[in-house]
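The structure appears right after this line, and notes come after that.
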Amino acid sequence: MNNDIAHWTLLYYNDPILIMGGTVRGIGFIGGEGPGAKLSATLVGDAGLIAAADSGLVAAEAAGLRPDWIVGDMDSLDDLRRLDAYPPDRVIRHRPDKDDTDTELLLSLLWEQGCDEIWLVGGGGGRTDHLLAIQALFERDRSPDRWITAGEDIRQVREALTLTIAPKSLVSVFPLGTGPWEAESRGLQWPLAGLPWKRGFFGISNVALEGGFSIRAVRGRFLVIMPFKKD
């Protein structure tokens, strides 16, 4: 069972980042609204690898970070001269008319480099099709584990998730993949057990009454969305 325990502090949370049992965590910065420089720097912690996709490089550098890899078509990067500060073999440029999105290229790179847990930072706001494209990545069998935007902390639950957040925070749950789905919970105002999970069904605006809650995926996978505060 994989319990990821978070405690909200003055930064809203302080999530311990661990590399245990051979697990290598990769952090991928992508374009779009993220949690801000101060919190982004805290998120990285002991990550095994940091990568940026296109304009995600701007957010990474704003947090004082130097990504190990940069990938994308660079069509939204504010200044291509940023790339000059990195070894050429660590900058992987693609044509704009490529098949994969920059985020897909980023995920493939992190997996190829041995990461078996991946967090995406950024990607909030902006075009709705971009948001749906990132969400669709979680539907795949091989998919990210976490997505942090300016306002949301989004987690994939394959086995179990245990968190402590601000009391009465909203918690929304969506089924992922092909199912079948079954879930159990503790600490939520409306228990998840017994809900008729199916494609198109969701549990939105549940409440973590006392802050601490847990969700167990009995069958299938789930996406859990919680509020997240910027710096």
Side-chain angles (χ1 to χ4, degrees), residues 11 14-15 17-19 23-138 140 142-154 228-231:
L11 289 177
N14 181 16
D15 193 2
I17 301 175
L18 304 176
I19 299 177
T23 298
V24 178
R25 179 172 296 165
I27 306 293
F29 284 84
I30 59 178
E33 297 177 2
K38 187 176 180 180
L39 194 48
S40 292
T42 303
L43 280 167
V44 170
D46 296 327
L49 197 68
I50 303 172
D54 206 317
S55 60
L57 177 61
V58 178
E61 290 185 340
L65 302 170
R66 182 180 174 86
D68 301 293
W69 294 88
I70 305 164
V71 66
D73 55 26
M74 313 304 169
D75 65 344
S76 59
L77 190 61
D78 60 348
D79 188 345
L80 291 176
R81 289 175 295 183
R82 289 181 182 271
L83 302 176
D84 295 339
Y86 297 87
D89 62 342
R90 293 303 180 100
V91 178
I92 305 174
R93 296 189 65 172
H94 292 259
R95 294 171 56 89
D97 57 350
K98 60 191 185 306
D99 291 330
D100 293 339
T101 66
D102 288 335
T103 302
E104 287 179 287
L105 295 172
L106 175 73
L107 290 172
S108 295
L109 173 65
L110 290 171
W111 282 317
E112 288 170 2
Q113 295 301 313
C115 297
D116 43 19
E117 180 180 351
I118 295 177
W119 295 2
L120 298 176
V121 179
R127 290 167 45 180
T128 302
D129 57 344
H130 285 175
L131 291 172
L132 292 176
I134 298 173
Q135 186 275 333
L137 296 175
F138 285 86
R140 300 176 180 179
R142 195 177 195 188
S143 49
D145 299 276
R146 188 177 181 188
W147 175 20
I148 304 114
T149 71
E152 299 87 21
D153 185 2
I154 303 164
F228 201 83
K229 290 185 178 180
K230 295 178 67 174
D231 295 350

*L120 side chain near I154 side chain, heavy-atom distance below 4.5 Å*: no

_Can you tell me how far apart CD1 (I118) and CZ (R142) are? Round to the nearest 0.5 Å._
7.0 Å

*Contact summary for G114 and V24, nearest pair of heavy atoms*: O-CB, 3.7 Å

*What's the shortest heavy-atom distance between Y86 and R66, and which atoms?*
CE2-CG, 3.4 Å

*Find the distance between CD (E104) and CD1 (I30) and round it off to the nearest 0.5 Å.*
11.5 Å

*Which heavy-atom pair separates L106 from G28 by the least distance, and what is that distance?*
CD2-CA, 3.6 Å

*asked:* Please check: side-chain N/O of R90 versus main-chain N/O of P67, any donor-acceptor pairing under 3.5 Å?
replied: no

*asked:* Do D73 and L105 have side chains that approach each other closer than 4.5 Å (heavy atoms only, starting at C-beta)?
replied: no

*Could you walk me through whether I148 and L43 pass the side chain to side chain contact (heavy atoms under 4.5 Å, CB included) check?*
CA-CA 9 Å; I148 304 114; L43 280 167; 4.1 Å; yes

_So, taking the atom named CZ in R82 and the one named CD in E61, what distance separates them when rounded to the nearest 0.5 Å?_
5.0 Å

*Tell me, please, which residues at least two apart from D89 pass side chain to side chain donor-acceptor pair (under 3.5 Å).*
none

*Tell me, with the steps shown, if W111 and Q113 meet side chain to side chain donor-acceptor pair (under 3.5 Å).*
CA-CA 5 Å; W111 282 317; Q113 295 301 313; over 6 Å; no

*Please report the shortest heavy-atom distance between R127 and D129, naming the atom on each side.*
NH2-OD2, 2.5 Å

*Check whether any side-chain heavy atom of L57 lies under 4.5 Å from a side-chain heavy atom of F29, and answer yes or no.*
no

*Could you walk me through whether W69 and I50 pass the side chain to side chain contact (heavy atoms under 4.5 Å, CB included) check?*
CA-CA 7 Å; W69 294 88; I50 303 172; over 6 Å; no

_Rounded to the nearest 0.5 Å, what separates atom CG in L49 from atom CG in D68?_
4.5 Å

*Any chance you could measure I70, atom CD1, to R93, atom CZ, to the nearest 0.5 Å?*
10.5 Å

*asked:* Does this structure show an ion pair linking R25 with D145, if we count only N-O contacts that are shorter than 4.0 Å?
replied: no

*asked:* How about CZ on R95, more than 12 heavy atoms from neighbouring residues, nucleotides or ligands closer than 6.0 Å, or not?
replied: no

*Would you mind reporting whether D153 and W147 have side-chain heavy atoms less than 4.5 Å apart?*
no

*Quick one: list whatever passes side chain to side chain donor-acceptor pair (under 3.5 Å) with R81, sequence neighbours left out.*
D79

*Do E33 and T149 have side-chain heavy atoms sitting under 4.5 Å apart?*
no

_Do the side chains of D100 and K98 get close enough for a salt bridge, i.e. N-O under 4.0 angstrom?_
no

*Non-hydrogen atoms of A51 and L110 that approach each other most closely*: CB-CD2, 3.8 Å

*For residues S143 and L137, determine if any side-chain heavy atom of one lies less than 4.5 Å from a side-chain heavy atom of the other.*
no

*So do the side chains of I92 and H94 get within less than 4.5 Å of each other, counting heavy atoms only?*
yes

_Heavy-atom check, side chain of S55 versus side chain of D78, under 4.5 Å_ = no

*Could you state the interatomic distance from CG (L65) to CD1 (I27), rounded to the nearest 0.5 Å?*
9.5 Å

*How close do P35 and S40 get, heavy atom to heavy atom, and via which atoms?*
CG-OG, 3.5 Å

